[in-house]
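Working notes for the structure below.
Since this is a predicted model, take the numbers as computed values, not measurements.
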Amino acid sequence: MLNVSKLSFGYNQKFRYTKNQKLILNDISFEVNRGEIVALLGINGSGKSTLLKCIANLLVPQYGEVKIFNKPLKYFDRNTLAKHICYTSQYSQHQSDFGFSVFESILLGRKPYYSFSPSKSDLQITEEIVKQMSLNHLVSRDIGELSGGEFQKIILARSFAKRPDLLLLDEPTNHLDIKNQFEIMDLIYQMVRIQNITAIISIHDINMALRYSDRLMILQDGKVIFFDRLSNLKEEILKDVYQVDLQLKEFNNRLYLLPTKELPEVRN
Amino acid sequence: MVNFKEIFNNKSKEENGSDDLILRQYYLLNHKKMLILASLIIIALLSIIVSIKVGSYNVSWVEIIKSILGHGSKETEIVIWNLRMPRVMASIVSGAALSLSGLIIQTVLKNPLASPSTLGISQGAAFGASLAIITFGAANLESSSFRTNDSYHFEILSVYLVSFFAFLGGLSVVIVVWGLQLLKKMTSASILLTGVALSSLFVSGTILIQYFAEETEIAAVVFWTFGDVARSTWSEIIFLSIVTLIITIYFFFKQGTLNAMGTGDEVAMNLGVNSKRFRLIGLILASLIASLTTCFHGVIAFLGLLAPHMAKRLVGNNHLFLIPTTIVIGAILLLISDTLGRIIISAGSLPVGVITSFLGAPLFLYLLLYEKGGSKNA
């Protein structure tokens with residue numbers, strides 16, 4: 001469904017003294033099938049967000065190509081692409097998000113489908129999403145009044161209201177407590193399965209990645225160093241990427257990561 | 001507004017499973033907003049009638065209604081149609097134009113403190129108009145007191161010429177802001193600082209060119225420092241109304257896009273909106289109506305800031321309701337300010353720009369203090 005070939009990207013440094021361009025993404029190729037959940041791992045600055053933005057067509061790569069349904073992104077018009085791909089950035093509430101009711105806010109996800117005002121079916125789809133994600137009690141609230149966890153759910157609901165084929169989430173559980181982290185990830189898991197769509201989720205919590213994803217992709221210095229099923233994941237790879245002592249343990253048929261690093265010595 | 005929400009929330013807790021409840025809440029909220037808008041329109045109509053009544057020449061209520069319907073005495077008809085009505089219409093159109101302009105600028109720049117006067121668009125337009133008057137000597141034709149029937153042909157020409165230069169002045173501000181945003185990520189604060197720099201530049205420019213002007217031209221230029229709605233003629237008012245109406249309709253049909261723009265560039269692009277292009281279009285059209293208003297009525301400060309904020313408090317950020325509400329509030333505010341200006345000073349009147357500044361400056365400070373995240377959304 002998604003096909004990335006030989007993708008390279010470096011930020012343009014026109015207004016800097018240094019001329020040499022550092023590549024953030026270096027020759028990346030992979031394929032993702034419909035209905036898969038891929039977790040994207042890597043240390044800060046490894047190019048996770050940049051990769052997601054390139055796939056979402058928010059950044060245009062210098063080399064290589066991104067295709068969905070075997071058609072390069074550049075041949076899609078903006079609106080059609082918006083119907084197929086949904087990208088959600090590391091999002092936090094800010095000023096301009098006030099003044100919309102939760103329902104209006106989710107309804108905004110239907111924007112690519114209407115030009116002036118939402119149709120009856122847009123309203124019905126939004127209503128359906130609200131029910132599926134059990135957000136009924138929030139619909140008339142102002143999104144400015146929501147807690148961080150609730151807000152993240154609304155942003156997700158907006159993404160699912162779009163009924164995309166490919167969902168790109170950049171750290172959806174950022175800044176959330178563990179209860180909300182599980183709620184958000186559960187919702188993503190359920191909705192992706194219900195709508196039968198593909199999701200690529202960039203995430204820092206390796207245990208969340210191990211729990212919810214079908215395949216893991218690990219980025220290091222702009223290159224994909226691992227892209228496979230969880231069963232093929234080795235401790236050494238994670239140790240090498242994160243430079244931390246850790247162990248992978250199996251518990252109830254599920255892999256868990258256990259950091260075994262000692263506390264640092266304190267010398268006076 | 002809060003009370004309504006609480007009522008809805010309690011209801012939804014009780015009947016959580018019921019099917020059509022979600023949509024019903026949405027419709028209820030929309031109906032409430034329609035109701036607010038309708039009451040504002042009624043207030044606007046009432047203020048129009050009050051504004052026609054108030055003035056040094058006393059006209060009774062019966063006579064007002066008679067002459068509006070065309071059955072009044074000759075004298076009152078002249079007072080109402082030649083003196084009061086143009087002023088009322090000018091207030092309504094300018095108020096609507098400036099507040100719409102302010103709203104669009106706030107939305108496309110995602111900056112709650114932006115408006116035609118805080119960014120310097122009005123000042124730029126005033127400079128452009130002054131430059132045109134002094135360079136082309138249009139003052140004799142432009143200033144209402146010098147108009148004769150002979151000069152009617154030139155008057156129309158000069159109206160367009162001066163408007164065009166005013167637009168260029170306003171446009172230059174917008175281009176600078178837009179260009180800076182392309183080159184560099186601008187925070188809300190730096191956008192406003194750009195506005196401060198540009199408006200003081202244009203204010204000094206306006207003062208500078210006064211040194212090269214003749215006395216009659218200075219008289220025509222000075223009034224731009226403080227806006228006054230009593231200066232324009234019917235032809236100018238109609239011209240301004242048509243342009244404002246067309247641009248209002250355009251933005252009203254783009255309300256979905258404006259809503260998307262309010263959520264930020266990445267989300268907007270993700271919703272199929274070309275945010276860079278739309279920002280430019282929005283800024284150009286907003287500067288066009290703000291410049292034209294300034295050209296005919298001088299710098300009316302803070303109205304473009306005040307009206308959108310009051311409207312947002314009342315109906316929220318959904319532009320489907322926000323655009324009409326902002327326009328109506330803007331019209332009411334300017335109309336009331338102008339009427340106040342006539343009451344405060346019995347002989348003649350206070351320029352309306354003075355009154356809006358007196359109202360607007362404290363609000364600006366209030367917003368700086370209490371508006372959440374004014375500079376956070378960098």
Q: Please say whether more than 12 non-hydrogen atoms of neighbouring residues, nucleotides or ligands are located less than 6.0 Å from CZ in Phe30(A).
A: yes
Q | Within-4.5 Å side-chain heavy-atom neighbours: Gln25(B) and Asn136(A) | A | no
(Q) Using 0.5 Å steps for rounding, measure from the CG atom of Asn317(B) to the CG atom of Asp142(A). (A) 8.0 Å
(Q) Need one label for Ser115(A): side chain, backbone, both or neither, based on atoms under 4.5 Å from any heavy atom in chain B. (A) backbone
Q) So Thr263(B) and Arg158(A), side-chain contact (heavy atoms from CB on, under 4.5 Å) or not? Walk me through it. A) CA-CA 12 Å; Thr263(B) 57; Arg158(A) 185 195 284 164; 3.9 Å; yes
**Q.** Heavy-atom check, side chain of Arg78(A) versus side chain of Val273(B), under 4.5 Å
**A.** no
**Q.** Exceeds 12 heavy-atom contacts within 6.0 angstrom, atom CE of Met269(B)
**A.** yes
**Q.** chain A contact via Thr107(B) - side chain, backbone, both or neither, heavy atoms under 4.5 Å
**A.** neither
Q.
Under the criterion side-chain contact (heavy atoms from CB on, under 4.5 Å), I'd like the reasoning laid out for Leu107(A) against Tyr26(B): C-alpha separation, chi angles, the key distance, then a yes or no.
A. CA-CA 11 Å; Leu107(A) 190 60; Tyr26(B) 171 71; 3.5 Å; yes
Q: Could you tell me which portion of Phe103(A) (side chain, backbone, both or neither) has an atom closer than 4.5 angstrom to a non-hydrogen atom of chain B?
A: side chain
Q) Contact part of Lys53(A) toward chain B, heavy-atom cut-off under 4.5 Å: side chain, backbone, both or neither? A) side chain
Q) Side chain, backbone, both or neither: which part of Leu271(B) has an atom under 4.5 Å from a heavy atom of chain A? A) both
(Q) Is there a side-chain contact between Asn270(B) and Lys162(A) in this structure, where contact means two heavy atoms from C-beta onward sitting under 4.5 Å apart? (A) yes
Q: Please state whether the side chain, the backbone, both or neither of Leu81(A) comes within less than 4.5 Å of a heavy atom of chain B.
A: neither
Q. Should we say atom CG of Asn196(A) is surrounded by more than 12 heavy atoms from elsewhere, each under 6.0 Å from it?
A. yes
Q) What's the shortest heavy-atom distance between Lys111(A) and Gly256(B), and which atoms? A) CE-C, 3.3 Å
**Q.** Partner chain B: residue of Cys86(A), Ser101(A), Ala56(A), Gly109(A) with the largest heavy-atom pair count (under 4.5 Å)
**A.** Cys86(A)
Q | Which atom of Ala82(A) lies closest to which atom of Gly272(B), heavy atoms considered | A | CB-N, 3.4 Å
Q. At their closest point, which heavy atom of Asn259(B) faces which heavy atom of Leu108(A), and how far apart are they?
A. CB-CD1, 3.7 Å
Q.
Taking side chain as everything from C-beta outward and backbone as N, CA, C, O, which of these in Asn274(B) sits under 4.5 Å from a heavy atom of chain A? Side chain, backbone, both or neither.
A. both
